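What you see is a predicted model; the values in this text were computed from it and never measured.
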Amino acid sequence: MTFDANTPAPPRGSAVLTARDLAKSYGTRVVLDGVCLDAAPGQRLGLVGENGVGKSTLLRLLGGVEEPDAGTVSRPADTGFLHQELPHGPDTTLAEVVAEALEPVRAVERRLAAGAAALDADPADDRALREYGELLTEAERLQVWDADRRAEVVTAGLGLAGIAPDRPVGRMSGGQRGRLGLAALLIRRPGALLLDEPTNHLDDRALEFLEGYLRALPGLVVLASHDRVFLDAVCTGLTDLDPAVAGPVSYGGAYSFYLREKRLERERWEQRHRWEQDELKHLREAVRTTARRVSHGRGPTDNAKMAYDYRGGRVDRQVSRRVRDARNRLEALERDQVRRPPRPLRFAGALTRNPGARGGTALRVRDLVVPGRLRLERLDLPDTGRLLVTGPNGAGKSTLLYTLAGRLRPESGRVEWRRGASVALLEQDVVFPDPTRTPRSLYEERHGARSDAPSLDELGLVAPRDQDRPVGELSVGQRRRLALALLVGRAPDALLLDEPTNHLSLALAEELEEALGSAPGAVVVASHDRWLRRRWAGTTLRLVDGRADPDA
């Protein structure tokens, strides 16, 4: 079924977004194969799975941004897709973006005015009366009479109220552009929302606003996110695109429920595979041995020949039947057996080097000043210290990490690491200058000659199938995994991580948090990740307007 402007609204509770047997490949690489999905009004489905498993691809297919190689998609005419970059020129102003988002509302207002005029001219016109009733229903869905207020609430809720209406897109930061794109979509209020990483660039207040707004929507939402608290707060169900026995698995609950069920699903798959392999071995042995049970050796005497023929024939028939049954069962099981569960990526590296028994100070910061961005009077970090840097957007978190890493020179003050300490920084935006290079070649170039460096396989950050692919073909999350592998291949004394869980799979984010807790050296993390922050056991520095928050 295909929805268009003339298709009547589906019955309440029926699916309005469906996908059947979707397949998509890029070159020789199969990303999706046989994926099905149904979403109905009121549902908020989260797409989860390993980096590169196809979450963003599936959203683009559902939104019509790309076409599948096979399969079909049916979507409402008013489906909204969150683009990673605003589809506006650099000279377009904030006010113009908001006005464009309100245009569907303005169109309904104009049609309502025309319909009212037609009824005033001829109150007995049944057709005009019916069309006016349909317009009123559409106006109610779009909340036409509250649209201007909605625009104000959304822009303020997403932290855009302080931006002048006449500021052009080209003079906004990447985070501001991302929030404006999300705001335009929420203001427009489509019946189906497709969101790829909608929480990027949002601080706590904006996150809480978005969670409440999405929960209140009457339409459907399909989203991909690595924000575990967001998934827990918003989603009514999750679809896991990781390999499974029968394809993608749907879980009728939020993230906490998914964590438990995902582990049980994996255990059931492994148990079934072990049982089937044991049964295959047993059946193959049965086919070989049962066929040899017909009597062999010296033939019967003449007096016993008739009885021998009778008994032998009966035995042959019984053995043949058992052999046929075993062969049939063997063929069926060989045809339908589940494949071996793929070995999941497991981070197995050391994030930092063991400082030994020094028990000293890894980092001293005094009177640090980066004009207009950061002022920090004092910071001390032990050799084994853990520091979490938090604060709203623009508070100076990344500025602090770049200054500590020596990438940014302060106007005044001191940043002193322990003599000889190696310091590594994982940036938010990972860029590899040559997109044709492969993870294997980059890793070997940096660590191949070092006997103390684990292999790329041993680290468990880059899947074997991706190690010889050009980095330009990798997903954002896969590139961040590779960047982390390059940093910890030879563990540094101190590791600085800027939003380390952004774009990482849920499983790796959990493993990375465990590794942060046990890393022997110094670690500094700047993060908005509420799940990580709730479980943080180290020291916390909260920045507000470039200064340490005295009330934190």
Should we say atom [atom1] of [X] is surrounded by more than 12 heavy atoms from elsewhere, each under 6.0 Å from it?
{"X": "Arg215", "atom1": "CZ", "result": "yes"}
{"X": "Asp120", "atom1": "CG", "result": "yes"}
{"X": "Asp545", "atom1": "CG", "result": "no"}
{"X": "Glu140", "atom1": "CD", "result": "no"}

Please check this pair: side chain of [X] against backbone of [Y], looking for a donor-acceptor N/O pair closer than 3.5 Å.
{"X": "Lys24", "Y": "Glu67", "answer": "yes"}
{"X": "Gln43", "Y": "Ala40", "answer": "yes"}
{"X": "Tyr132", "Y": "Leu119", "answer": "no"}
{"X": "Gln176", "Y": "Ser173", "answer": "yes"}
{"X": "Arg44", "Y": "Val234", "answer": "yes"}
{"X": "Gln467", "Y": "Val462", "answer": "yes"}
{"X": "Trp536", "Y": "Thr539", "answer": "yes"}
{"X": "Arg480", "Y": "Asn502", "answer": "yes"}
{"X": "Arg75", "Y": "Leu62", "answer": "yes"}
{"X": "Lys397", "Y": "Gly391", "answer": "yes"}

Any side-chain heavy-atom pair from [X] and [Y] closer than 4.5 angstrom?
{"X": "Arg469", "Y": "Arg29", "result": "yes"}
{"X": "His88", "Y": "Glu100", "result": "yes"}
{"X": "Pro439", "Y": "Val471", "result": "yes"}
{"X": "Tyr251", "Y": "Thr239", "result": "no"}
{"X": "Ser25", "Y": "Val31", "result": "no"}
{"X": "Val73", "Y": "Thr18", "result": "no"}
{"X": "Leu22", "Y": "Leu58", "result": "yes"}
{"X": "Thr390", "Y": "Leu543", "result": "no"}

Report the distance from atom [atom1] of [X] to atom [atom2] of [Y], rounding to the nearest 0.5 Å.
{"X": "Lys55", "Y": "Asp240", "atom1": "NZ", "atom2": "CG", "value": "9.0 Å"}
{"X": "Leu388", "Y": "Leu541", "atom1": "CG", "atom2": "CG", "value": "9.0 Å"}
{"X": "Arg189", "Y": "Gln143", "atom1": "CZ", "atom2": "CD", "value": "3.5 Å"}
{"X": "Phe209", "Y": "Asp203", "atom1": "CZ", "atom2": "CG", "value": "12.5 Å"}
{"X": "Leu461", "Y": "Gln478", "atom1": "CG", "atom2": "CD", "value": "12.0 Å"}
{"X": "Leu185", "Y": "Leu180", "atom1": "CG", "atom2": "CG", "value": "11.5 Å"}

Exercise for review: Starting from the C-alpha separation in whole Å, work towards a yes-or-no answer on salt bridge (charged side-chain N to carboxylate O under 4.0 Å, His left out) for Arg535 and Glu510.
Suggested key: CA-CA 11 Å; Arg535 304 196 295 179; Glu510 297 278 343; 2.9 Å; yes
Can you tell me if [X] and [Y] form a side-chain donor-acceptor pair at under 3.5 Å?
{"X": "Glu197", "Y": "His503", "value": "no"}
{"X": "Glu50", "Y": "Ser505", "value": "yes"}
{"X": "His528", "Y": "Asn393", "value": "yes"}
{"X": "Thr501", "Y": "Asp529", "value": "yes"}
{"X": "Asp498", "Y": "Ser398", "value": "yes"}
{"X": "Glu134", "Y": "Thr137", "value": "no"}

Which atom pair, heavy atoms only, marks the closest approach of [X] to [Y]?
{"X": "Pro76", "Y": "Val16", "value": "CD-O, 3.2 Å"}
{"X": "Leu112", "Y": "Ala139", "value": "CD1-CB, 3.9 Å"}
{"X": "Ala118", "Y": "Ala128", "value": "CB-CB, 4.5 Å"}
{"X": "Arg228", "Y": "Leu532", "value": "NH2-N, 4.1 Å"}
{"X": "Leu194", "Y": "Leu59", "value": "CD1-O, 3.9 Å"}
{"X": "Ser225", "Y": "Leu506", "value": "O-CD2, 4.3 Å"}

Practice item. In sequence, state the C-alpha distance, the side-chain angles, and the governing distance for Arg20 and Asp38, and then conclude on salt bridge (charged side-chain N to carboxylate O under 4.0 Å, His left out). Key: CA-CA 9 Å; Arg20 290 291 175 269; Asp38 293 289; 2.8 Å; yes
Point to revise | Working for side-chain contact (heavy atoms from CB on, under 4.5 Å), residues Leu182 and Leu202 | key: CA-CA 10 Å; Leu182 178 59; Leu202 301 186; 4.3 Å; yes
Is a salt bridge present between [X] and [Y], judged by a nitrogen-to-oxygen distance below 4.0 Å?
{"X": "Arg106", "Y": "Glu109", "value": "yes"}
{"X": "Glu211", "Y": "Arg530", "value": "yes"}
{"X": "Arg533", "Y": "Glu513", "value": "no"}
{"X": "Asp429", "Y": "Arg479", "value": "no"}
{"X": "Arg205", "Y": "Glu208", "value": "no"}

Exercise for review: Apply side-chain contact (heavy atoms from CB on, under 4.5 Å) to Val154 and Leu160, showing your working.
Suggested key: CA-CA 9 Å; Val154 169; Leu160 297 168; over 6 Å; no
Exercise for review: Any chance you could lay out the side-chain contact (heavy atoms from CB on, under 4.5 Å) test for Val169 and Asp91, step after step, and finish with the verdict?
Suggested key: CA-CA 6 Å; Val169 168; Asp91 296 328; over 6 Å; no
**Study point:** CA sep, side-chain torsions, deciding dist, call: Arg141, Asp78, salt bridge (charged side-chain N to carboxylate O under 4.0 Å, His left out)
**Key:** CA-CA 12 Å; Arg141 185 187 71 79; Asp78 61 337; 2.9 Å; yes
Review point. Where do Phe81 and Leu195 land on the side-chain contact (heavy atoms from CB on, under 4.5 Å) test, with the steps shown first?
Key: CA-CA 6 Å; Phe81 181 85; Leu195 308 175; over 6 Å; no
